[in-house]
Amino acid sequence: MFARNNGITLIALIITIIVMLILVGVTINVAIQGGLFTSARKGAYQTQASIIKEQLEVEKATIVANNNGNIPNDFGIGTIDNLDISQDLKDEFGSKLTISTDGTLYYTDVVTDKQEQSWLEEIGILPYGDPPEDDLFRKYILGQDETGRPILEILDLAGFKDDELTEDVDETQTLGVEILTTFVGEEGAKFVYYVKYDNKAYKIICDSMIGNTESLELKYTPKELEGANLGEISGDNKYNDWTILYNNGNTLEAVGPISDEKLVLGYEDTTVNWENTDVIAEADIDGNKTLEDIEKAIYSYNHAIDTINNFCKEQVDDNLLADDNVRSVGAKTDITEEKYIGKLSGSIYKGKVKIGDTNFEDDLIRMAYHGVLDVKKYYWIASRYILEDSNSVSFNIYEVSEYGNFVLSGGLLKINSSDNPTVQSLIGAVRPIITVQYP
């Protein structure tokens, strides 16, 4: 009896093992087909690429700091081999990622797998687009030899003009280049145009002194759903006033209406408790334990990115989204710690005021491209800008004007060579950007 039962038990055990193997095989197959393995690989891949992207920002911040707070036209970083990352990352991504002269990380034509491309694009790493493939457009912007041309040859008050580039080009041919928006860069030495051509957005840099174009770079290729109404896409009418700017794959980022409440920045910043001991300890530059207006203005300027982002969170109704998914247009977070020296090298304010940034660029391009930049009112952009002249330096926060122009705030503080500062407080609304899960 025992031997027979043992035989039956052995057969049952074998059958059980076979069934388990079949089930394991089915489970693995379902996992593969269901995307579990793919999701894990995607997460690991994007984490690695994000490390490279973050380290690039650290390197750029260091270069700006060593350049007296000025953003160079050419960062000169070259390749990711020059970043402080592991050799494994360099080996894995060395041929896949490249760094443009303005410090932007792109993927190269080595990345041919569509899935891999989408993973990179979801975290903001776009295909390398400098130079554009359209030879006619390049010559239109940069001239026949592509070394630059006077911008006034192709631009007037009405916008970009049609241009006979060569004898082979029909005089009546229309390129249809449109200005999206503009801004002054590099302490006034450069003028930047964002333009739309062939359903893409490009960045043109001009020398503001001689008025010649210097470079042309593809900055934005719209993806599906970008520019659409979030309420219509989500089926939830509480999002009807929100326009999708980013399709990140499993999340959407959308910009909303301007706030009713206004935010004051500068020495009269009402978001700051000027009696707080921690605030006094940080802001008190001369050490007299009393905060003068210039010290308040510097503190407000230094904390402006967090202030604007936090103010945006207060303006978004709690039933719309949690605060963690709300930010301002401009910088998502304040990654700037470096302080300006430049023309303040002999000043008591040397190294006390933060440098500028270009963290607004991605939001600005998308808002201009999709026609939601202009809301006929002033509102803050969470990014800083420094403007130098022969005898002084002013520290500004970017704004969009009531005419839809991307402008400086006029300066929260200005310091001249004799340490005779002037300060002002400025008021503006804010524009929130929210992140929602989709689908």
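Values below: all heavy atoms of this structure, side chains included; hydrogens, waters and symmetry mates excluded.
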**Student:** Any carboxylate oxygen within less than 4.0 angstrom of a Lys/Arg side-chain nitrogen, looking at Lys354 and Asp334?
**Tutor:**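 Looking at Lys354 and Asp334, the cut-off is met.
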**Student:** So, do Glu282 and His303 sit near enough that their side-chain heavy atoms are less than 4.5 Å apart?
**Tutor:**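 They are in contact (side-chain heavy atoms under 4.5 Å apart), so the answer is yes.
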**Student:** Is the number of heavy atoms from other residues, nucleotides or ligands within 6.0 Å of NZ (Lys377) greater than 12?
**Tutor:**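 Not more than 12 within 6.0 Å, no.
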**Student:** May I ask you to check if Lys60 and Phe75 form a cation-pi contact, with NZ or CZ under 6.0 angstrom from the six-membered ring centre and within 45° of the axis?
**Tutor:**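 Yes, a cation-pi geometry holds between Lys60 and Phe75.
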**Student:** Does Lys352 form a salt bridge (Lys or Arg N to Asp or Glu O under 4.0 Å) with Glu295? I'd like the steps, not just the answer.
**Tutor:** CA-CA 10 Å; Lys352 302 298 183 181; Glu295 293 170 324; over 6 Å; no
**Student:** Nearest heavy-atom pair of Leu291 and Trp274: which atoms, and what distance?
**Tutor:**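 Closest approach of Leu291 to Trp274: CD1-CE3, 3.7 Å.
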**Student:** Which residue in the set Lys332, Arg327, Arg431 passes salt bridge (charged side-chain N to carboxylate O under 4.0 Å, His left out) when paired with Asp363?
**Tutor:**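 Exactly one pass, corresponding to Arg327.
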**Student:** Is it true that Glu268 and Lys296 make a salt bridge, defined as a side-chain N closer than 4.0 Å to a carboxylate O?
**Tutor:**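 So Glu268 does not pair with Lys296 through a salt bridge.
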**Student:** Return yes if some donor-acceptor pair links the side-chain N/O of Thr147 with the main-chain N/O of Gly143 below 3.5 Å, else return no.
**Tutor:**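 No; zero donor-acceptor contacts below 3.5 Å.
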**Student:** Below 4.0 angstrom, N of the basic side chain to O of the carboxylate: do Lys376 and Asp374 qualify?
**Tutor:**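 Yes, charged N to carboxylate O under 4.0 Å.
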**Student:** Pick from Tyr140, Phe160, Phe137: which one makes a ring-ring contact (aromatic ring centres under 6.0 Å, His included) with Tyr202?
**Tutor:**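 Running ring-ring contact (aromatic ring centres under 6.0 Å, His included) over Tyr140, Phe160, Phe137 with Tyr202 returns exactly one hit, Phe137.
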**Student:** Tell me, yes or no, whether the heavy-atom count around Lys90 atom NZ, taken from other residues, nucleotides or ligands under 6.0 Å, exceeds 12.
**Tutor:**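 Atom NZ in Lys90 is packed in, count exceeds 12.
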**Student:** Is there a side-chain contact between Pro432 and Trp242 (heavy atoms, below 4.5 Å)?
**Tutor:**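 In contact.
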**Student:** Is it possible for you to check whether Lys196 lies under 6.0 Å from the centre of the six-membered ring of Tyr369, through NZ or CZ, and within 45° of that ring's axis?
**Tutor:**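 Geometry flag: set, cation within 6.0 Å and 45°.
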**Student:** May I ask you to decide whether Lys203 forms a salt bridge with Glu361, counting only side-chain N to carboxylate O separations under 4.0 Å?
**Tutor:**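 Salt bridge present between Lys203 and Glu361.
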**Student:** State, with a plain yes or no, whether a side-chain heavy atom of Ile80 is found less than 4.5 Å away from one of Ile99.
**Tutor:**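 Yes, side chains in contact.
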**Student:** Are more than 12 heavy atoms from other residues, nucleotides or ligands located less than 6.0 Å from atom NZ of Lys414?
**Tutor:**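 No.
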**Student:** Got a second to check how far Arg149's CZ is from Ile154's CD1, nearest 0.5 Å?
**Tutor:**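 Taking CZ in Arg149 and CD1 in Ile154, the distance rounds to 5.0 Å.
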**Student:** Measure from the side-chain N and O atoms of Thr243 to the backbone N and O of Val255, and report whether any donor-acceptor pair falls under 3.5 Å.
**Tutor:**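 Not at all, since once roles are kept as given, no pair shorter than 3.5 Å links the two residues.
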**Student:** Taking all atoms of both residues into account, what is the closest heavy-atom pair of Ile355 and Lys339, and its distance?
**Tutor:**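 For Ile355 versus Lys339, the nearest heavy atoms are CG2-C, 3.7 Å.
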**Student:** Taking the six-membered ring for Trp, are Phe360 and Phe183 ring centroids under 6.0 Å apart?
**Tutor:**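 Centroid distance Phe360-Phe183: below 6.0 Å, so yes.
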**Student:** Are the aromatic rings of Tyr299 and Tyr301 close, with centres under 6.0 Å apart?
**Tutor:**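 Not close enough - the centres of the two rings lie 6.0 Å or further apart.
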**Student:** Angle between ring planes, Phe406 versus Tyr398, binned at 30° and 60°: parallel, tilted or perpendicular?
**Tutor:**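 The arrangement is parallel - the two ring planes meet at less than 30°.
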**Student:** Other residues, nucleotides and ligands only: do more than 12 of their heavy atoms fall within 6.0 Å of CG on Asn273?
**Tutor:**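 Buried by this count: over 12 neighbours within 6.0 Å.
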**Student:** Do Tyr220 and Glu226 meet the criterion of a side-chain donor-acceptor pair at a distance under 3.5 Å?
**Tutor:**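 Yes - a donor-acceptor pair under 3.5 Å links their side chains.
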**Student:** Should we say atom CD of Glu275 is surrounded by more than 12 heavy atoms from elsewhere, each under 6.0 Å from it?
**Tutor:**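 12 or below, so no.
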**Student:** Is any NZ, NE, NH1 or NH2 atom of the basic residue among Glu146 and Arg138 found under 4.0 Å from an Asp or Glu carboxylate oxygen of the other?
**Tutor:**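 Looking at Glu146 and Arg138, the cut-off is met.
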